[in-house]
Amino acid sequence: MLDIQLLRNDLESVAKRLVEERAYVLDVAHFQALEHERKSIQTRTQELQAKRNQTSKQIGLAKGKGEDVSAIMAEVADLGDELKAAETRLVAVQDQLNDILMGIPNLPHESVPAGKSEEDNVEVRRVGTPRRFDFSVRDHVDVGEGLAQLDFATGSKLSGARFTVLKGPLARLHRALSQFMLDVHTGEHGYTELYVPYLVNADSMRGTGQLPKFEADLFSVQKNENEKLYLIPTAEVPVTNMARDEILPLESLPQKFVAHTPCFRSEAGSYGKDTRGMIRQHQFDKVELVQVVHPSKSYEALEELTGCAEAILQKLELPYRVMALCGGDMGFSAAKTYDLEVWLPAQNTYREISSCSNFEAFQARRMQARFRNEKGRPELAHTLNGSGLAVGRTLVAILENYQRADGGVDIPAALQAYMGGKKFIQRPSS
RNA sequence: GGAGAGGUGGCAGAGUGGUCGAAUGUACCUGACUCGAAAUCAGGCGUAGGUUCAAACCUACCGAGGGUUCGAAUCCCUCCCUCUCCGCCA
């Protein structure tokens, strides 16, 4: 959520930036009309409230002295109706303003490249060299099914399309990956490990920006007649929302958390995309990094956090590149985003495996996540998060990059300790 | 799932219709005393919004939402959460 003061004071230029940098059209005239109405109604409401309070006090005093109060009572007889009408209207107007505000995307940081789509993203650096294969490369589906350890048919039997069953060593490799990532981030990067709920309430989804705009992307369950719970699409939601409605002590910043959770996404609107394989699933595991930081440190923190995610790829010796997303390709809440893209030889391209973003105060303002600043005043914190990494896609990358001519898959050196010393995976002999 | 108790300021804890945004204690900050500290004394000490150059003033907030009333922390309704006991259970 943008600061409403920014819109009040500088509506035209904010609207201009939203169109140019985020392709978002703000109805300036409508907003202005609402804001104008809000101002006059709020003033009127508060006047009426003051009058009511004053009069009620007088009645109390007069009654205490045993005086007749019918004259004063008559004076406020019709005040109640007018006040109620004003209050109702005020709430309605504020709701409308709030709806607009909740639907406006974040403004990009000045360092974000201009652009409308993926095409305009800028490559920041490229690390590692894609391996040369002296045999014809298979994609992860062929490799995994060839090993009889990756089973899409059974996944769809159990749950439908976009669900997968892993078996044997490959299932273990999947587990090994998340253990490895957690160990690196807690042991080497100073993140505190968390275990968090996978079902969260609507307030939490609003806090990080999934609601109200992206309900279609979420799975939900009915908790009871009145309440829904949502399956988390990323650990970002529960972890970041821990700071919701808090005023954190200055010395507690920066807060750095890592959590391994499953993630659930309905993938509405991407029906034709990545239907083959486990690139795009309804359920996948992710190790997520989250930071809550002092506003003056958030861009430093974005570089640090991105580096932590990169460290995993480096340790796994997977070639990747870092992309600075352009304004048009960034997520709704982000002020700046780096995507890490891992090399997938079968697709002969780099594919997203991590997304690291600084949200500045956008999420913090929605969820009232604050800290007590140097002057002792509450101030909105900045929040960041990034995948470190998406476990399923990392597994895909290993299957493709570490495949062997005989159909087996070598296990990256960094993971061998997590695999009981095994150096490769092959098809069971029987 | 059943029975009961309760949700008030950082914490503790009063307040059952009228100067209550809220006593008191404690923590914290400032000052006095002290060589310094402790103790003691004095003062300060919630969040958000509005009008405003500012000072200041006004408004809202006592788990959430609604209702009664001239007036609600206090009465009524719905919901949420916490605790205790019983049952069930990974």
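The model shown is predicted, which means the values in this text are computed figures rather than measured ones. Chain A is the first sequence line, chain B the second, and so forth, proteins listed ahead of strands; every chain is numbered from 1.
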Side-chain heavy atoms of L194(A) within contact of M242(A), under 4.5 Å: yes

Nucleotide forming a Watson-Crick or wobble pair with A23(B), both distances under 3.5 Å: none

Earlier contact from the 5' end, RNA chain B, for M73(A) and Q94(A): Q94(A)

Pair partner, U78(B) [Watson-Crick or wobble, under 3.5 Å]: A64(B)

Pairwise P distance for A5(B) and C62(B), with rounding to whole Å: 24 Å

Considering all heavy atoms, the nearest K286(A)-S387(A) contact: CD-CB, 3.7 Å

G9(B) and C28(B), which share atom name C1', separated by this distance in whole Å: 13 Å

Same-atom distance (P) from U74(B) to G65(B), integer angstrom: 13 Å

Base paired to U30(B) (Watson-Crick or G-U; both N/O distances under 3.5 angstrom): A42(B)

Nucleotide forming a Watson-Crick or wobble pair with C70(B), both distances under 3.5 Å: G18(B)

Gap between atoms CG and C1', on L229(A) and C80(B) respectively (whole Å): 12 Å

Pair partner, A55(B) [Watson-Crick or wobble, under 3.5 Å]: none

H382(A) ring center within less than 6.0 Å of F359(A) ring center: no

Most 5' of G80(A) and R38(A) on RNA chain B, judged by nearest nucleotide: R38(A)

Nucleotide of C70(B), U47(B), G50(B) approaching R377(A) most closely (side-chain heavy atoms): U47(B)

Nucleotide forming a Watson-Crick or wobble pair with C83(B), both distances under 3.5 Å: G4(B)

Pairwise C1' distance, G7(B) and G63(B) [rounded to whole Å]: 6 Å

Protein-nucleotide distance (R370(A), atom CZ; G46(B), atom P), rounded to Å: 14 Å

C1' atoms of U19(B) and C70(B), separation to the nearest Å: 16 Å

Atom-pair distance (CD1 on I72(A); C1' on G18(B)), nearest Å: 12 Å

Side-chain N or O of R372(A) closer than 4.0 Å to phosphate OP1/OP2 of U47(B): yes

Sugar-phosphate only, base, or nothing, as touched by K63(A) at under 4.0 Å among non-hydrogen atoms: base

Donor/acceptor link under 3.5 angstrom from K57(A) side chain onto base of G18(B): no

Pair of N/O donor and acceptor under 3.5 Å linking G49(B) base with Q46(A) side chain: yes

Presence of N53(A) side-chain N/O under 4.0 Å of C58(B) phosphate oxygens OP1/OP2: no

Rounded C1' spacing from A14(B) to U69(B) in Å: 25 Å

R175(A) and D285(A) ion-paired at < 4.0 Å: no

U59(B) versus G4(B) - spacing of their P atoms, nearest Å: 42 Å

Sugar-phosphate, base or nothing in reach of K84(A), heavy atoms under 4.0 Å: sugar-phosphate

E379(A) CD - U47(B) C1' separation (whole Å): 16 Å

M1(A) CE - A48(B) P separation (whole Å): 13 Å

Ion pair R265(A)/E267(A), N-O distance below 4.0 Å: no

Under-4.0 Å side-chain N/O to phosphate OP1/OP2 contact, K223(A) with C81(B): yes

Whole angstrom value for the distance that separates C1' of G63(B) from CZ of R244(A): 14 Å

K16(A) side, atom NZ; L11(A) side, atom CG - distance, nearest 0.5 Å: 13.5 Å

Q5(A) vs G50(B): side-chain N/O to OP1/OP2 distance below 4.0 Å: yes

Rounded distance in Å between the P positions of C61(B) and A72(B): 9 Å

Nucleotide nearest A50(A) when distance is taken to its side chain, options G50(B), U47(B), C58(B): C58(B)

Length of the NZ-C1' vector between K39(A) and C58(B), whole Å: 16 Å

Test of ring centre spacing under 6.0 Å for Y299(A) and H109(A): yes

Any side-chain donor near an acceptor of the partner, S333(A) and Q363(A), under 3.5 Å: no

Value in whole Å for how far the P atom of U19(B) lies from CD of Q54(A): 15 Å

OP1 or OP2 of A72(B) under 4.0 Å from side-chain N/O of R52(A): no

